[in-house]
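Reading through the structure tokens given below for one structure.
Quick note on labels: first sequence line is chain A, next is B, and so on, each numbered from 1.
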There are 2 protein chains.
Amino acid sequence: MKNKIQLTVDAVVFGYDSGNISVLLVKRKYEPFKDGWALPGGFVLENENLEQAVQRELSEETGAKINYLEQLYTFGDLGRDPRGRVVSVAYFGLVKPNAFKLTASTDAKKAEWFDIKRLPKLAFDHKKILKIAIERLQGKITYEPIGFELLDKKFPFSDLEKLYTTLLDREIDRRNFKKKITSLKVLDELDEKVSIGRGRPASLFSFNKKRYFQLKMEGIIFEI
Amino acid sequence: MKNKIQLTVDAVVFGYDSGNISVLLVKRKYEPFKDGWALPGGFVLENENLEQAVQRELSEETGAKINYLEQLYTFGDLGRDPRGRVVSVAYFGLVKPNAFKLTASTDAKKAEWFDIKRLPKLAFDHKKILKIAIERLQGKITYEPIGFELLDKKFPFSDLEKLYTTLLDREIDRRNFKKKITSLKVLDELDEKVSIGRGRPASLFSFNKKRYFQLKMEGIIFEI
DNA sequence: ATTATATGTGTATAATATACACAAATATAG
DNA sequence: CTATATTTGTGTATATTATACACATATAAT
């Protein structure tokens, strides 16, 4: 009776670029759900731990470089896979725009980015997994500055602001938002500016990881 | 290569009674770790989902009635089980004092409650699992009123207060704490009083689950 | 009857969050 | 080259929320 359960990992990898949140999907080569879209993932090998399995599958299937990866939830309902009893450990990942565009532009590959507002039908119970991942993402950015993992190393403040308005789907007062982020001291203002199109050039910022880990140690909560 | 991974579930079940937080452990009958203490749990059967597996193992091994159960984390490191590759989905449970005392008093059984400050050596990586569960419990009670799941149906306010001071390991101002809980309106004050030993008799309260779910729907966060 | 002990309650102050508008620097259109 | 459109950048006043704090009440024990 035991031992007939198969174990897979699946990854929900989010990317962000100029106001769009995307998720990485792959087109299935084989049955079941042949030619259907699914989350990247696959069977866990006997000699690798779960995170290694996710990273391996991701690099095999998409080539994406992951900045941030955490375990999301384990899905084990009967009947979630037509092949039999398959339990899947889902992970949640974030990538920076570079990795993002790279894969998105190579159309020959089987991996593609989809705007989370325009998703195709998904194989297995991946719709459910994705839903939970989106909730986690929205919840998480309000109390941990993981939003930076979706941005370039250097970014104008407006990028961060736009990321939050997009992710939370509501307006944010720029002054109050900056006040809050500034008070955390996780942003370093650089001596550089960028000018994109018209409008006043923007100062570039970078994310201070040291300070972030320090805050984490102190158990500091922040709330957007 | 695939398919040689075995899947188990483990449960970290917390109980609370008059100022002590306990966790339910079982004495192992077989190798490995024979006669050692471990979290209740076992192999997942092919025809049951994960939560059913936990409930089954818990009732088989301990007889405890669980009020609250949620998935904690999945542990899949190589070498965590000497029998080979075993991945375990850990759950997090809370029980009310009745179920608590019931099992705790029957010493003949192999299940026992241990104060989380006086734990024995644990089998496998269960120490690690328990540590994560305790962190989750502490984190969770500060923003969701799950503390009630550890109390009797009717309880004096001081019980709730003591539960929080114990769990968070810090003093709480009674008036401010009551203000906050009262503002949530999740407590119904009953027309009953209890007098335990000396001191002024205390009003009894009960937890208003309807109101709690309503708050949850509205996404209301509370912070102790 | 006195003492010890636990419950129950309100207000003043500090800290934090929110609401809100205009000047500065650039690109573009005419 | 001038005017206009667009984006960045900044401060203050008000409302809300959190914190600090002390004494009266009801009972059991002595």
Side-chain angles (χ1 to χ4, degrees), chain A residues 17-19 141-145 151-152 154-166 168 170-206 215 218-224, chain B residues 17-20 141-145 147 151-152 154-166 168 170-206 215 218-224:
Chain A
D17 194 30
S18 49
I141 58 160
T142 62
Y143 62 87
E144 257 193 68
L151 298 177
D152 272 316
K154 300 172 180 184
F155 54 88
F157 195 81
S158 55
D159 270 18
L160 188 65
E161 191 190 333
K162 196 165 192 183
L163 171 63
Y164 272 80
T165 55
T166 309
L168 300 176
R170 61 176 160 92
E171 291 304 303
I172 292 178
D173 182 276
R174 205 187 328 153
R175 283 170 290 188
N176 293 338
F177 180 63
K178 188 156 187 184
K179 222 182 290 174
K180 208 168 258 172
I181 299 290
T182 303
S183 75
L184 292 171
K185 293 177 185 163
V186 289
L187 280 194
D188 294 330
E189 186 164 2
L190 307 176
D191 279 336
E192 276 179 82
K193 288 186 190 297
V194 270
S195 186
I196 309 154
R198 57 173 119 183
R200 178 173 170 170
S203 290
L204 288 176
F205 292 83
S206 70
L215 284 175
E218 293 168 13
I220 282 171
I221 306 158
F222 92 114
E223 186 81 38
I224 296 298
Chain B
D17 194 29
S18 49
N20 294 312
I141 58 159
T142 62
Y143 63 87
E144 256 193 68
L151 298 177
D152 272 316
K154 301 171 180 185
F155 54 87
F157 194 82
S158 55
D159 271 18
L160 187 65
E161 191 190 332
K162 195 166 194 182
L163 170 62
Y164 272 80
T165 55
T166 308
L168 300 177
R170 61 176 161 93
E171 291 304 304
I172 292 177
D173 181 277
R174 205 187 327 152
R175 282 171 291 188
N176 294 339
F177 181 64
K178 189 157 188 183
K179 223 181 290 172
K180 206 167 262 176
I181 299 289
T182 303
S183 74
L184 292 171
K185 293 177 185 163
V186 288
L187 281 194
D188 294 330
E189 185 163 3
L190 308 174
D191 279 337
E192 277 178 81
K193 288 185 190 297
V194 271
S195 187
I196 310 153
R198 56 173 118 183
R200 178 173 172 172
S203 290
L204 287 177
F205 292 83
S206 71
L215 284 175
E218 294 168 12
I220 282 169
I221 305 158
F222 93 112
E223 185 80 38
I224 296 297

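Ring geometry for Tyr164(A) versus Phe177(A): interplanar angle of 30 to 60°, hence tilted.
With a 4.5 Å cut-off on side-chain heavy atoms, Leu160(A) and Phe205(A) do not count as touching. Between Leu168(A) and Thr142(A), the closest side-chain pair of non-hydrogen atoms falls below 4.5 Å.
Between Ile196(A) and Phe205(B), the residue whose closest nucleotide on DNA chain C is further toward the 5' end is Phe205(B). Closest-nucleotide positions on DNA chain D for Lys179(A) and Arg200(A) were compared, and the one nearer the 5' end corresponds to Arg200(A). Where Lys193(B) and Lys193(A) meet DNA chain C, the nucleotide closest to each residue was compared, and Lys193(B) sits on the side nearer the 5' end.
Checking the phosphate oxygens (OP1, OP2) of dT8(D), a side-chain nitrogen or oxygen of Ser158(A) falls inside 4.0 Å. Taking side-chain N and O atoms only, Ser203(B) has no distance below 4.0 Å to OP1 or OP2 of dT7(C).
Straight-line distance from the CZ atom of Arg170(B) to the P atom of dA18(D): 13 Å, rounded to whole Å. Regarding Asp173(B), its CG atom lies at a distance of 16 Å from the P atom of dA12(C), rounded to whole Å. The CG-C1' distance, from Leu160(A) to dT8(D), rounds to 15 Å in whole Å. The interatomic distance linking Glu189(A) (CD) with dT10(D) (C1') rounds to 12 Å, in whole Å. Rounded to a whole Å, the CG atom of Asn176(B) is 12 Å from the C1' atom of dT9(C). Going from atom CZ of Arg175(A) over to atom C1' of dG11(D) covers 8 Å, rounded to whole Å. Taking atom NZ on Lys162(A) and atom C1' on dT6(D), their separation rounds to 13 Å, with Å as the unit. The nearest whole Å value for the distance from the NZ atom in Lys180(A) to the C1' atom in dA19(C) is 13 Å.
Between the CD atom of Glu161(A) and the CD atom of Glu171(A) there is a distance of 8.5 Å, given to the nearest 0.5 Å.
Residue Ser195(B) places its side chain closer to dA28(D) than to any other of dG9(D), dA26(D), dA28(D).
Looking at every heavy atom in both residues, Leu190(A) comes nearest to Ser206(A) through CD2-OG, 3.9 Å.
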